[in-house]
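Structure first, then comments.
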Amino acid sequence: MACENNLVVKQIIDLYNQISNLESLKPSKNVDTLFGQLVSTCLPTDTNIDVTEIHDEKVKDARSHLIKLCGEAEGYLEQHFSTILGSFEDNPLNHLHIFPYYNNYIKLGKLEFDLLAQHTTHVPTKVAFIGSGPMPLTSIVLAKFHLPNTTFHNFDIDSHANTLASNLVSRDSDLSKRMIFHTTDVLNAKEGLDQYDVVFLAALVGMDKESKVKAIEHLEKHMAPGAVLMLRSAHGLRAFLYPIVDSCDLKGFEVLTIYHPSDDVVNSVVIARKLGGSNGARGSQIGRCVVMPCNCSKVHAIMNNSGMEKNLIEEFSAIE
């Protein structure tokens with residue numbers, strides 16, 4: 001059966017039609033219910049649906065628009081809860097559990113740290129997060145639980161988002177010293193990007209293929225050789241929620257790991273290393289799209305909360 005005729009795809013398009021007719025995407029009972037249903041519909045990983053194989057132009061256009069609507073709604077949700085958290089008289093970070101998806105960030109942060117540790121020989125001293133938003137939960141989780149001596153530089157184009165984010169950590173004696181916020185468009189951030197051991201690119205930076213690739217190309221131009229780039233992507237039906245980052249998009253990088261979750265963590269994770277320096281011999285691979293499992297490829301089992309082995313990590317390396 002063609003993807004566009006699949007029942008679950010029709011359910012997603014029906015939810016898209018309802019969401020696109022909403023007067024506002026700001027948090028409300030109706031908005032929360034519809035997006036909750038949408039996420040639940042897109043979570044299953046046993047459908048074998050590849051959205052890149054969908055040929056129906058109406059479905060393709062709906063997916064592109066739905067990704068943008070999801071990004072807009074996520075921005076409103078983070079702004080809403082960041083404002084609430086910032087109003088607490090004590091340390092706002094003591095109340096992060098009120099954010100509906102906090103546990104997902106805890107899981108994803110642990111996974112990303114574990115993946116990063118497999119491909120680095122030293123603890124990063126400076127990390128950049130591009131597109132940190134009003135609730136920089138990835139930076140907060142990594143700084144609090146995994147990288148206690150690392151400085152995090154958070155970049156966002158929205159000054160109001162940075163004000164809310166800064167307020168969240170301002171009363172924390174530790175993170176207030178290690179979390180720095182910069183208001184700028186990533187494409188204007190040039191000098192200094194080569195100072196970071198690791199650069200995270202948020203899922204909401206570049207909500208279509210063209211702008212995503214443009215951001216990646218900019219980072220490739222200005223990151224230090226050997227530095228690690230971590231990106232959020234999507235796989236299967238989850239690609240109706242977030243844009244896909246293909247290995248083809250990472251020209252100038254060696255793809256190290258592609259991780260597709262099978263639990264309630266929505267985003268896939270792509271880890272790549274900037275070519276050059278000690279990796280300069282691989283420079284001839286720049287621009288090649290095909291990747292194959294390397295000889296030392298492993299499949300790692302990541303334990304979820306119930307102790308069941310569910311998530312698979314696929315490690316890839318550019319063809320020698």
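As a basis for the values below, the full set of heavy atoms in this structure was taken, side chains included, without hydrogen atoms, waters or symmetry mates.
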Parallel, tilted or perpendicular: ring planes of Phe113 versus His146, cut at 30 and 60 degrees: parallel
Neighbour count above 12 (heavy atom, 6.0 Å) for His235 NE2: no
Distance, nearest 0.5 Å, that separates CG of Leu15 from CG of Asn17: 9.0 Å
Where Leu96 and Leu93 come nearest, the two heavy atoms and their spacing: CG-O, 3.5 Å
Ile271 side chain reached by Gln118 side chain, heavy atoms, under 4.5 Å: no
Lys212 backbone acceptor or donor facing Asp249 side chain under 3.5 Å: no
Candidate list Val266, Thr138, Val205, test side chain to side chain contact (heavy atoms under 4.5 Å, CB included), partner Arg232, passing option: Thr138
Identified side chain to side chain contact (heavy atoms under 4.5 Å, CB included) partner of Ile12 from the options Val59, Thr41, Ile49, Val51: Thr41
Between His97 and Tyr102, ring centroids under 6.0 Å: no
Any donor-acceptor N/O pair, Asn267 side chain to Ser233 backbone, under 3.5 Å: yes
Where Ala161 and Asp156 come nearest, the two heavy atoms and their spacing: CB-OD1, 4.0 Å
Donor + acceptor pair across side chains of Ser28, Asn30 (<3.5 Å): no
Worked check of side chain to side chain contact (heavy atoms under 4.5 Å, CB included) between Gln37 and Leu34: CA-CA 5 Å; Gln37 292 174 348; Leu34 285 174; 3.9 Å; yes
Spacing of Thr257 atom OG1 and Leu116 atom CG [to the nearest 0.5 Å]: 10.0 Å
Any side-chain donor near an acceptor of the partner, Gln18 and Asp14, under 3.5 Å: yes
Where Gln79 and Pro134 come nearest, the two heavy atoms and their spacing: N-CG, 3.6 Å
Closest heavy-atom pair and its distance - Thr150, Lys126: CG2-N, 4.1 Å
Leu241 side, atom CG; Arg63 side, atom CZ - distance, nearest 0.5 Å: 9.5 Å
Asp264 bridged to Lys107 by N-O distance under 4.0 Å: yes
Side-chain donor-acceptor pair present, Tyr101, Glu78, cut-off under 3.5 Å: no
Pairwise distance CG(Asn162) to OG(Ser132) - rounded to 0.5 angstrom: 5.5 Å
Exercise: identify the closest heavy-atom pair between Ser176 and Ser170: CB-O, 3.9 Å
Distance (rounded to the nearest 0.5 Å) between Leu142 CG and Arg178 CZ: 10.5 Å
Nearest atoms (heavy-atom pairs only) where Tyr196 meets Val127: CD2-C, 3.8 Å
Intermediate values then yes/no, ring pair (Phe, Tyr, Trp, His ring centres under 6.0 Å), Phe129 and His153: CA-CA 6 Å; Phe129 195 97; His153 289 250; over 10 Å; no
Aromatic ring pairing His222/His218, orientation class (parallel under 30°, perpendicular over 60°, tilted between): tilted
Full working for side chain to side chain contact (heavy atoms under 4.5 Å, CB included) between Ile67 and Cys70: CA-CA 5 Å; Ile67 288 173; Cys70 288; 5.7 Å; no
Close side-chain approach of Leu69 to Tyr16, heavy-atom, < 4.5 Å: yes
Nearest-0.5 Å distance, CG of residue Leu77 to CG of residue Leu25: 11.5 Å
Within 6.0 Å of NZ in Lys209, more than 12 heavy atoms from elsewhere: yes
